[in-house]
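In what follows, a structure is listed as structure tokens, so that the remarks can point back to it.
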Amino acid sequence: ANLNIALPVLLLRMDPRDGDGVVGTVLTMRPLNTATVQGDVEVGKAPPVSTAAVKLDPTKEKPGVLAHAHPLDPLRPEELAAAVQAVRLAFGKDHPASSSICFIECALEEPHPKDIPMVCLEGEQRPPKPPPLTRHARIVTYDRDTNMTSEWLVALTLRQAGKATRTKGFEGRIVSQELLKDVQPALDAWEYEEAERVVKQNPEFQAAMARRGVTDMSLVMADPWCVGYFKEDDGPARRLCRALCFVRTPGGPRAGDEPDADLCDNGFSRPVEGLIVRVDLQKMEVLSVIDKELIPIPEPDPLRNYVNRHGRVVEDSSAHIRPMLPLQITQPQGPSFRVEGYHVTWDKWSFRVGFTPKEGLILHTVSLFDPDKNRTRPVARRLSVAEMVVPYADPNDPHYLKNAFDSGEDGLGKNAHSLELHCDCLGVIHYFDAYLTDYRGGLVKIPNAICMHEEDYGLLWKHKDWRTGHTASKRSRRLVVSFLCTIANYEYGFFWYFYRDGTIQQETKLTGILSTGILPTGKPARYGTLLDGKNLYAPYHQHIFVARVHMAVDSDGLSGNHVVEVNVKTESRGPHNPHHNTFTADETVLRSELMARRPGNFDTQRHWHVRSDVVKNRSNGPTGWRLLPGHNTPLYARPEAMYLRRAGFLKNHLWVTPFNPFEKFPGGDYPNQNPREGDGLPFWTQQDRSLEDQGVVLWYCYGLTHLPRMEDWPVMPCEYIGFRLQPHNFFDRSPCVGPVDSDVTAPACDMPPPAVIVEELKPKSKL
């Protein structure tokens, strides 16, 4: 029957916190709305309202591309616009200028892994293509009128051209809406800009700055930081931020040759302390300005700047330093990788590139082609950096309040850079653009958000037969996929490397400018490093990242894997160890979630294997991959630290969970101003679910304890941290040798001249 009635929108989510397993209520009685957006949408503009058509340019459209996008591809601009328009119609607010609805996040709702095959069928070399699936957008909105957050699921379909409409267009249909209580979504760049504006216009703030000798508000930097959760007033009943303030120096560098170019003087050399400023972001007004103590602002540090007066990077020009000469990387025949849309193949590797506002770069369906088995073998379903936390060690105000959740409170992808050749990337580059929505639902294009290129990586392997002098070697090369982002004063680069020996490496690069403070005159720098010999100092802090690693070792990522912990141990004295030289690799199967809450241990070289329950290698052992820790750090805060209410996942280096599509972020979906203790991993793993014969997700915490150096000022050279994923008894032999019965040979080396035996010179006799 055709029923033209208003249907209630109901979202039911299974949640073990309720005895009946269901959380959800009827949230609205509005009809399910449908919005249509046709064709290309102008980036930087709000989406068209109603059903205004924007035609697709047939010269730009590849046949079949729009109708047959891969289910894991990031949302296109037209899909984003259709999803936003559907939500606008659901609110009944068509005109963006009059709408109170703010779009915090709009991203692909990824299909369930069961719908994306990774395992080859019997006798096939490649896994089957996924069936056509309806794509969905997940949208998070914030209503400034009501201070309420909503989640929307929007189905996106491509309407084909017909008699009534001669152009193709995307159609968005609301599938569900969930009104979320007691949460605040991530902050947005528009809110940062507006918060700084209202702070600098506030008379109380201006008076407080005047008492510190600053009257020119154009020199003031008011950096909005999330308040975290330290007391009840920080809760989500209001949308809050606090402003950390700094002062630029007039006459400093400008971003160009024009006299009115933006001042780019390093204001972090002159922090403002003793002044507490809180902003209500819903009403966009200053809540309070508390001038606790009149602490003099430091004098400008003569070594504060990292660019010249024109805002340009310079090299040392001393006559005693040889300048850096041009380094050119060329590939006359082009790169070795192949890109089809978001699908990448390189050497034996195959994967798909994704991108979200929160995580940034994502790698999907990572597989390797095994020439000995003559088929593609799955390795991982999904790889990403899901969260990062930056807690500070200084107990004084405002530094103890600094504990940024840079993914959950800001968004790594939303703050991604447009990468530049010869600056961020070098070589023959393939770029992927990213498309996002802004605060008002307009479209934002980040050109060159993801960079991909090849790098020579020295020696892969070598051997020389000392009897015959025969030498064989092969060069190493790696494929690099990366993006960079800026969160306040810091820059982070997230690099994924693929190697020819089967290794996947995650490397995180940390750079940017130190968050500074004022050290009272005559006091020792107990919790930080003095930078200028006077009172400018940088507090100690940590950067801790959480990688979400959904493995699929010879499996579909939904079953057939288990996790083993390996510890290297010295054997005890006894007849079994007559020469006192033995050590073993002890293995423990992590059978359940509570067993898999594991700290790192460098004394035992602790690492973890993900092994197949089904596939065997030629030694009749399980095939597997191992997670090898790199540089890492323990957490130094005491367990009672207030920020650990939201960041309890930092208490272990490894957590393992069975795959659950709702468990995406280690601190839960909404860590901003979150008053609940133990959201995310600490709560999920209390269920102590089985990890045997499962699709397993490894949550690996890795980080850096930053004890700043003077060499980190005024801009910090890159620090490098990360981890590796390596095949362990996955192949029957080294994957980087090649079939020795083949005549397809590697490039020959330029052989050195043969060694010459030189007769030993004897000293002449004095006689």
Side-chain angles (χ1 to χ4, degrees), residues 9 11 32-41 43 47-48 51 54 56 60-90 103-118 127-141 151-161 167-178 340-343 351-359 361-365 381-382 384 413 432-437 441 443-445 450 557 661-662 664:
V9 179
L11 181 64
L32 296 179
N33 288 279
T34 297
T36 301
V37 174
Q38 300 175 358
D40 295 329
V41 178
V43 173
T51 56
V54 182
L56 286 169
K60 296 180 180 179
E61 180 187 344
K62 296 181 180 179
V65 169
L66 289 175
H68 302 290
H70 192 278
L72 292 173
D73 284 354
L75 294 178
R76 302 184 188 86
E78 299 87 358
E79 291 174 305
L80 289 167
V84 166
Q85 180 68 1
V87 171
R88 287 199 186 285
L89 291 176
F103 290 81
I104 304 299
E105 181 181 343
C106 183
L108 176 73
E109 178 71 8
E110 295 171 13
H112 197 282
K114 65 181 175 59
D115 296 322
I116 311 294
M118 282 191 72
K129 292 183 178 180
L133 300 173
T134 299
R135 284 158 62 83
H136 292 81
R138 177 183 172 274
I139 296 182
V140 177
T141 61
E151 282 187 6
W152 305 79
L153 189 65
V154 182
L156 300 166
T157 55
L158 179 68
R159 191 203 58 226
Q160 299 295 329
T167 58
K168 294 182 179 181
F170 280 96
E171 187 173 82
R173 178 178 58 84
I174 303 296
V175 176
S176 64
Q177 176 197 0
E178 183 179 13
E340 297 181 25
Y342 292 93
H343 183 240
F351 58 88
R352 304 196 70 88
V353 172
F355 195 88
T356 69
K358 189 174 287 188
E359 298 161 283
L361 174 61
I362 299 167
L363 301 175
H364 295 285
T365 58
R381 270 281 172 192
R382 191 180 191 275
S384 72
F432 297 90
D433 298 335
Y435 293 91
L436 309 171
T437 55
L443 293 171
V444 176
K445 177 183 178 180
I450 299 171
F662 294 116
K664 300 176 182 178

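Only a predicted model underlies this, so the values are computations on that prediction, with no experimental measurement involved.
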For a 4.5 angstrom cut-off between non-hydrogen side-chain atoms, does R173 reach V154? no
From E171 CD over to L158 CG, what is the distance, rounded to the nearest 0.5 angstrom? 10.0 Å
Side-chain donor/acceptor of R352 to backbone N/O of L72, under 3.5 Å: no
E359/R382 ion pair, N-O < 4.0 Å: yes
With a 4.5 Å heavy-atom cut-off, do E110 and I362 have their side chains touching? yes
With rounding to the nearest 0.5 angstrom, report the CD1 to CD distance, I104 to E151. 12.0 Å
Tell me, do L108 and T356 make a side-chain contact under 4.5 Å, heavy atoms counted? no
Can you measure from OH (Y435) to CG (L443) and round to the nearest 0.5 angstrom? 9.5 Å
What are the two closest heavy atoms between G354 and P74, and how far apart are they? CA-CG, 4.1 Å
Work out which heavy atom in L133 is nearest to a heavy atom in I116; give both atom names and the distance. CD1-CD1, 4.2 Å
Tell me, do H364 and Y342 make a side-chain contact under 4.5 Å, heavy atoms counted? no
Should R138 and E105 count as an ion pair when the cut-off is N to O under 4.0 Å? yes
Side-chain heavy-atom pair H112, P661 within 4.5 angstrom cut-off: yes
Identify the two heavy atoms, one from P131 and one from P71, that lie closest to each other, and give their separation to 0.1 Å. O-CG, 4.5 Å
CG (L75) and NE2 (H136) are apart, to the nearest 0.5 Å, by 11.5 Å
Less than 4.5 Å apart, any side-chain heavy atom of F432 and any of L361? no
Which atoms form the tightest heavy-atom contact between T134 and A155, and what is the distance? CG2-CB, 4.1 Å
Between P130 and P117, which heavy-atom pair has the shortest distance, and what is it? CA-CD, 3.8 Å
Does any part of the side chain of Q85, heavy atoms only, come nearer than 4.5 Å to the side chain of F170, both counted from C-beta? no
Closest approach of L80 to C106 (non-hydrogen atoms, all atoms of both residues): CD2-SG, 3.5 Å
According to side chain to side chain donor-acceptor pair (under 3.5 Å), who are the partners of H343, at least two apart in sequence or on a separate chain? S350
How long is the span from the CD atom in E78 to the CG atom in L156, to the nearest 0.5 Å? 11.0 Å
